[in-house]
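See structure below.
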There are 2 protein chains.
Amino acid sequence: MHTADDTDLKIDHIPQTLREIALEKLRTAIINGRFKSGARLVERTLCDQLGVSRSVVREAIRYLEAEGLVEIAPRAGPMVARLDWSQARQIYDIRLLLESHAARACAERADAQTKARLTDALHALDAAMSQGGGAAVYQATTAFYEVIFTTADHYIAWEIVQRLNSRISRLRALTLAAQDRRVSGPARMQQICQAIIANDPAAAAQAVRDHLTEAAEIARRLLEAEAAGERES
Amino acid sequence: MHTADDTDLKIDHIPQTLREIALEKLRTAIINGRFKSGARLVERTLCDQLGVSRSVVREAIRYLEAEGLVEIAPRAGPMVARLDWSQARQIYDIRLLLESHAARACAERADAQTKARLTDALHALDAAMSQGGGAAVYQATTAFYEVIFTTADHYIAWEIVQRLNSRISRLRALTLAAQDRRVSGPARMQQICQAIIANDPAAAAQAVRDHLTEAAEIARRLLEAEAAGERES
DNA sequence: TGCGGTCTTATGGTATACCAACATACCAGG
DNA sequence: CCTGGTATGTTGGTATACCATAAGACCGCA
């Protein structure tokens, strides 16, 4: 009881720096497509938009660059990172390895609490899908996978997967908008959820593989259609 | 012929910024153990040591933070990231997935050039081992794996693996210094090399798994011994 | 000696100034 | 009209100034 009181009095919540706020806003703006792939990120313009000095903007850009969301082209300054199919394919491959591994571990150790959290996350995803909101679907999907990775104690893999997902956020938005994916996406995640609830590691890993194989194929087709559209114009 | 001349005249080599130089030096200093795990990285001290302004140092720290080599503790400022066994174990697990996958792909597609490059890299590693230099062994090991990942066209996975290796650099130095590892490490990499030269993907993947399973076990033992030593003092 | 209060110093967060380099616009001459 | 030279504006790289906060040192009093 005395220990609990000490913990309650501890000041854990450090005020957020401007840098942290700016970083979060820029990252979200990139993920949400406000800044398009290849778009220049001009420091002074961002300063005006964010209402902070160049120091803050520059430091935020450094993070985003290290995360792969921003690239610096010679003589051109920072731009939102571009993504070709080769890179996207690699990202889907890595996700497949890490996510199937996490789902397996999660299925091995899922207790009643985990199962309830997963079921809740799936319901939230269905609700987001019904409302049609892209960002809300993105967040609900992220929340679902977060349950899996944290249950599996795969914190570093989760960090990596989130980074990779940010880099393909544009592709994810496209695939989520694709008609066939809107039907099969939730069904795939339902399968993942059920395998975990059944404590069946092999089925959970396989459900993830099916899910991502399909997502990658849709993404590839969409990128090709886009490239064909550009070639004709 | 006209095309070749145009390419030759292109100015590709952008001068390095101070920021890039400082980042490289700091990263190397952390990896090489000059700045110990948990050590405070005081900006003004680093400015004096590097001979640059605080802007440069701060921006470099932002990269290192995003790479996981530096952490910011509340009310304490930047320090070299600490690593516990749980994190290290996760890192070895992820490496195992990504490296075995790359070795498999490399073995599937290795041509004579790849085989020669791998053999050369292994010789360089043996030479570095004979000279006993820790940093040289680290670099030679990195060069060996780089051949594998680039042959496999796994560029993003290689980026991730390098990041992860930086985070466990201290552990890697410890395990490389361990007597039994000095004997078995080159033998393990010889096995990886031979499986790839034989174009045997399954053997290559298995050789990587054996290699990393052993490295992780040695690391675990060393960390435990270290923790036991600290508990007695 | 221990505790509380005050002062000083160190440090990170943030803003701003300065400069170099590059890209673009404009003008003059052939 | 085309080309070369010059001027201008934009932008990133870097240094420095300012400020708030936290930690530590110091001093006085009981």
Side-chain angles (χ1 to χ4, degrees), chain A residues 6 9-27 29-30 35-82, chain B residues 6 9-27 29-30 35-82:
Chain A
D6 282 353
L9 287 177
K10 181 167 178 181
I11 301 175
D12 270 337
H13 307 295
I14 309 295
Q16 268 196 310
T17 60
L18 290 182
R19 184 179 72 230
E20 288 168 334
I21 299 169
L23 172 60
E24 192 58 47
K25 281 182 177 295
L26 287 178
R27 189 191 283 123
I30 292 174
F35 298 126
K36 302 297 180 188
S37 186
R40 282 280 286 111
L41 298 173
V42 180
E43 291 175 10
R44 288 175 171 102
T45 305
L46 295 180
C47 291
D48 293 339
Q49 290 173 332
L50 291 164
V52 293
S53 73
R54 278 184 64 208
S55 305
V56 175
V57 167
R58 293 180 64 81
E59 292 186 23
I61 287 178
R62 299 288 85 83
Y63 282 110
L64 295 171
E65 193 184 347
E67 291 178 13
L69 292 184
V70 166
E71 58 194 21
I72 313 283
R75 288 177 293 267
M79 71 175 71
V80 179
R82 291 156 301 187
Chain B
D6 284 352
L9 289 176
K10 181 167 179 183
I11 300 175
D12 271 337
H13 306 296
I14 309 294
Q16 267 195 312
T17 60
L18 290 182
R19 184 180 70 228
E20 288 168 336
I21 297 168
L23 172 60
E24 192 57 45
K25 282 182 178 292
L26 287 177
R27 189 190 284 124
I30 292 173
F35 299 126
K36 302 297 180 189
S37 186
R40 280 281 285 112
L41 297 174
V42 180
E43 291 176 8
R44 289 174 169 102
T45 305
L46 295 180
C47 291
D48 294 339
Q49 290 173 334
L50 291 164
V52 294
S53 72
R54 278 183 65 207
S55 306
V56 176
V57 168
R58 293 179 64 81
E59 292 186 22
I61 287 177
R62 300 288 86 86
Y63 282 109
L64 295 170
E65 192 184 348
E67 292 178 13
L69 291 184
V70 166
E71 57 194 19
I72 314 281
R75 286 177 294 266
M79 70 174 73
V80 178
R82 289 156 301 187

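Chain identifiers are assigned alphabetically (A, B, ...) following the order of the sequence lines, protein sequences preceding nucleic acid strands; residue numbering begins at 1 within each chain.
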Pairing of A:Arg62 and A:Glu59 as salt bridge, 4.0 angstrom limit: no

OP1 or OP2 of D:dG12 under 4.0 Å from side-chain N/O of A:Arg40: yes

Quick one: is D:dG13 close enough that its OP1 or OP2 comes under 4.0 Å of any side-chain N or O from B:Arg19? yes

Interatomic distance, [X] [atom1] vs [N] [atom2] [rounded to whole Å]:
| X | N | atom1 | atom2 | answer |
| --- | --- | --- | --- | --- |
| B:Glu59 | D:dG13 | CD | P | 7 Å |
| A:Arg44 | D:dG9 | CZ | P | 14 Å |
| A:Leu18 | D:dA20 | CG | P | 14 Å |

Students should find that the nucleotides of DNA chain C closing off the region near chain A, any atom under 4.0 angstrom from a heavy atom, are C:dG13 to C:dA23

Using a heavy-atom cut-off of under 4.0 Å over every strand shown, decide if [X] touches base, sugar-phosphate, or nothing.
| X | value |
| --- | --- |
| B:Thr17 | sugar-phosphate |
| A:Ile72 | nothing |
| A:Leu41 | sugar-phosphate |

Taking for A:Ser55 and for A:Gly77 the nucleotide of DNA chain D with the nearest heavy atom, the one nearer the 5' end belongs to A:Gly77

Spatial distance of atom [atom1] ([X]) from atom [atom2] ([Y]) [nearest 0.5 Å]:
| X | Y | atom1 | atom2 | answer |
| --- | --- | --- | --- | --- |
| A:Leu69 | A:Met79 | CG | CE | 14.0 Å |
| B:Leu46 | B:Leu41 | CG | CG | 5.5 Å |
| B:Arg44 | B:Ser53 | CZ | OG | 11.5 Å |
| B:Leu18 | B:Leu50 | CG | CG | 10.0 Å |

Give a yes or no on whether B:Arg40 atom CZ has more than 12 heavy-atom contacts from other residues, nucleotides or ligands under 6.0 Å away. yes

